[in-house]
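Labels below follow one simple rule: chain letters A, B, ... track the order of the sequence lines, proteins then strands, and each chain is numbered from 1. These values consider heavy atoms only, across backbone and side chains, with no hydrogens, waters or symmetry-generated copies.
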Amino acid sequence: MRQSRHIGKTLREAPKDAQSAAHALMVRGGYIQQLSAGVYSYLPLLLRTLNKISQIVREEMVAAGSEEMLMPALQSRELWEETGRWERYTAIDGIMFAFKDRRGAMVCLGPTHEEVVTDILRRDLKSYKDLPKSVFQIQTKFRDEIRPRFGLMRAREFIMKDAYSFDVDEAGLEVAYEAMRKAYHRICERIGFQYRAVAADSGAIGGSGSQEFMVLADTGEDTILFCDACDCAANQEKASSRLEEFEQETELKPMEAVLGKGLIGTGPLSEFLKIPLWKTTKTLIFEADDKVVAVMVRGDCDVNEIKVVNRLGCKSLRLASPGRIKTLTGAEVGYAGPIGLPADVLVLADHYVNGRVNFECGANQTDHHNVNVNFGRDLPLPEFGDFRMAREGDGCPQCQGKLQSARGIEIGHIFKLGTKYSEAMGCKVLDAQGKSNPVVMGCYGIGVSRIAAACIEQNHDDRGILWPPQIAPYQVHLIALNLEDEEINRQCEALYARLQSEGIEVLFDDRPLRAGEKFGDADLLGLPIRLTISKRTGDQIEFKLRKEAKPEMVSLEDALVRIKGICGLK
RNA sequence: CGGAGCGUAGCUCAGCUUGGUAGAGCGCCAGCUUUGGGAGCUGGAUGCCGCAGGUUCAAAUCCUGUCGCUCCGACCA
């Protein structure tokens, strides 16, 4: 491609709303242009990269035994009502674009395709002999994100590959899931990501198990925890951990309420009471849909709300308002405890709240704290479970190692769905006994446009992007200087033609600009190989890798060999 | 949805407090000079000051409404 004809001008200054390195570089490089909040045009250079990413994903999907198709983005309300997700996605979460067509029928733009694919397959599948099946598509998806952010990283319209598997039983799902898991690893490796696969919460999609593929980057929106000794790794919202436990007193002391005026927070409280932090207790009051729930964690811990939501199966969970807390506990915020709450308040407690003798907790009376509290004697046993936020430095739940943390960008997520959708939509097959069973499904998403953003986030310097050759829009950036010289002009044209005839993808900077501007643009655009021809280069070519600081002079034949080596061409 | 900020030239932004001829840098066009890391000089073009209403002799500026974009939070296959 001749740069003089190319659409997508580079900018010297980043627009003020650029929120991350990748976002700013994509805008400056003319890779994307914003149309409205979270909605972007993919300009020619980025489209080439997106196509290359799609092709890698496609190849790995096909290799994993999945078949490609394309489903409608425009979907009808009826299907979504079959699974009960219409209300959840429109009214409750509001994540789905939904509107009336001219006949007055409600339609939506698909944020995901479980309903549509299940509808297709339920017409196709009759017998267990028809299984297994696996299908995928690469398509634009729509999500009415509450807050679009970071350019393509969290957009309202984005490109995604989604795949779905259909099996006769859990064992079949296991095989399909494993094939996808391996394919996802291969995709990440082919793109050259530094990444981690972590255990994840399955969220609104539902299902029994899931893993996220996280590209490591400080600007990532997720925190992941991983063991420094074994391969245990999880998203923080899912992670569990092991805490240090302490030797307990053998004698139960009498419970008493002590005055600790204005003491809010377990830190100051433990100092004031001269007891270790682990003896204190945080009791948080939540409103879960229309019920009130109290959640207790050890004073040195925090509540993981997602774990609470999963335990309760509620649609929404939020901290109760100060006014509500006062009516429920009779005290200001900061003094809530499990003793003396209204009978209809469910009390949940993290495992590590248990096993303590003579512990502290709020007294439900302003400025007062109960000390020497003991389960069984002073209050009934609450429902115990894992409701605690795991943190860096905690013990690994599987071995004696310690958890470390990192920030990550979620680029892929694989789920074992089970029969949630097949059951709701009647996607069933007859087994060998002639009995009808819902098929067991899995779903597997990977963000194509997000991969491009994550790749830049992980591969850039202060001057611009450093594309890996596999997904660079072009492999070679041919820079022509001194074009006013007829001879050099001819030489450049010949080289451009030769490179193309060798199957090399070239962006040819044939613009009559100064050297500084051309080199600056080349660094910004970030193509892996830069070739320069000028009056200084004679019959040689200046060869420079974007990731290296220094250029070198090589012959044409040398250059071709090197380029093909880097690009994996013969 | 709660809190906040910003909409002025293609881009980054000043001007608004205290109403009175719409500005700068970069970019763009032309010419001359320059020519390997965003050059210099000269000349030039470019604005429904987001939109609508109000106050006023007079509004980019003050008031009201509205739309858009953004930030923080809640939320998030």
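- Looking at heavy-atom distances under 4.0 Å, Lys141(A) makes contact with a base.
- Ring to ring, Phe213(A) and His185(A) are close: their centroids are under 6.0 angstrom apart.
- When heavy atoms are screened at a 4.0 angstrom cut-off, Glu542(A) is found touching base atoms of the nucleic acid.
- When both pairing distances are held under 3.5 Å, rC69(B) makes a Watson-Crick or G-U pair with rG5(B).
- The phosphate of rC72(B) has OP1 or OP2 within less than 4.0 Å of a side-chain N or O from Arg147(A).
- A 4.5 Å side-chain heavy-atom check between Ile563(A) and Leu499(A) finds at least one atom pair inside the cut-off.
- At a threshold of 4.0 angstrom between heavy atoms, the contacts of Arg318(A) with the nucleic acid are absent.
- Rounded to an integer number of Å, the gap from Glu517(A) CD to rU34(B) P is 18 Å.
- Between His23(A) atom NE2 and rC71(B) atom P there is a gap of 9 Å when expressed in whole angstrom units.
- One can place CG of Leu319(A) at 9 Å from P of rC75(B), the figure rounded to the nearest angstrom.
- Per the geometry, CZ belonging to Arg514(A) stands 8 Å off C1' belonging to rG38(B), to the nearest Å.
- rC28(B): Watson-Crick or G-U partner is rG44(B), with both key distances under 3.5 Å.
- The side-chain heavy atoms of Ile465(A) and Asn459(A), taken from C-beta on, include no pair separated by under 4.5 Å.
- The C1' atoms of rC1(B) and rA74(B) are separated by 8 Å, rounded to the nearest whole Å.
- Look at the P atom in both rG50(B) and rA45(B): the space between them is 24 Å, to the nearest Å.
- One finds no salt bridge joining Arg536(A) and Glu542(A) here, because no Lys/Arg side-chain nitrogen approaches an Asp/Glu carboxylate oxygen to under 4.0 Å.
- rA14(B) and rG5(B) are spaced 16 Å apart, taking the P atom of each and rounding to whole Å.
- Closest to the Lys535(A) side chain, of the nucleotides rG38(B), rC76(B), rU35(B), is rU35(B).
- Spacing between rA9(B) and rA60(B) at atom C1', rounded to whole Å, works out to 14 Å.
- Stacking of Arg85(A) on the aromatic ring of Tyr89(A) is recorded, both the 6.0 Å distance cut-off and the 45° axial limit being met.
- A distance of about 45 Å separates the C1' atoms of rC75(B) and rG19(B), rounded to the whole Å.
- rA74(B) is unpaired under the Watson-Crick or G-U wobble criterion, no partner having all donor-acceptor distances under 3.5 Å.
- Using a 4.0 Å heavy-atom criterion, one finds that Leu481(A) contacts the bases of the nucleic acid, with or without backbone contacts as well.
- Of the nucleotides present, none pairs with rG36(B) by Watson-Crick or G-U wobble criteria with both distances under 3.5 Å.
- Residue whose closest nucleotide on RNA chain B sits further toward the 5' end, between Glu484(A) and Pro111(A): Glu484(A).
- Of the residues near RNA chain B, Arg511(A) and Lys161(A), the one whose nearest nucleotide (by heavy atom distance) lies more toward the 5' end is Arg511(A).
- Spacing between rU8(B) and rC16(B) at atom C1', rounded to whole Å, works out to 11 Å.
- With both ends at atom P, the span from rG27(B) to rC41(B) equals 12 Å, rounded to whole Å.
- What separates CZ of Phe150(A) from P of rU70(B) is a distance of 12 Å, to the nearest Å.
- As rounded to the nearest Å, rU56(B) and rC62(B) have C1' atoms that lie 10 Å from one another.
- Pair assignment for rC62(B) gives rG54(B), based on Watson-Crick or G-U wobble hydrogen-bonding distances that are each under 3.5 Å.
- Between the side chains of His113(A) and Gln75(A), at least one donor N or O sits under 3.5 Å from an acceptor N or O.
- Arg149(A) comes within contact range of at least one nucleobase, with a heavy-atom separation under 4.0 Å.
- Looking at Arg530(A), its side chain has no donor and acceptor atom pair within 3.5 Å of the base of rG36(B).
- Listed nucleotides rU70(B), rG37(B), rG38(B) differ in distance to Arg463(A); the shortest reach to its side chain belongs to rG37(B).
- Residue-to-nucleotide contacts include a donor-acceptor pair under 3.5 Å from the side chain of Arg154(A) to the base of rC76(B).
- Counting non-hydrogen atoms of neighbouring residues, nucleotides and ligands closer than 6.0 angstrom, the CD atom of Glu486(A) reaches no more than 12 such neighbours.
- Residues Tyr444(A) and His413(A) keep their aromatic ring centres 6.0 Å or farther apart.
- If you check every strand for non-hydrogen atoms under 4.0 Å, Phe158(A) touches a base.
- In this structure, Glu305(A) places its CD atom 11 Å from C1' of rC75(B), rounding to the nearest Å.
- When rounded to the nearest whole Å, the span between CG of Leu35(A) and P of rG68(B) equals 13 Å.
- Using a 4.0 Å heavy-atom cutoff across all strands shown, Thr10(A) reaches no nucleic acid atom at all.
- In this entry the distance linking CG of Asp523(A) with C1' of rG38(B) reads 12 Å, nearest Å.
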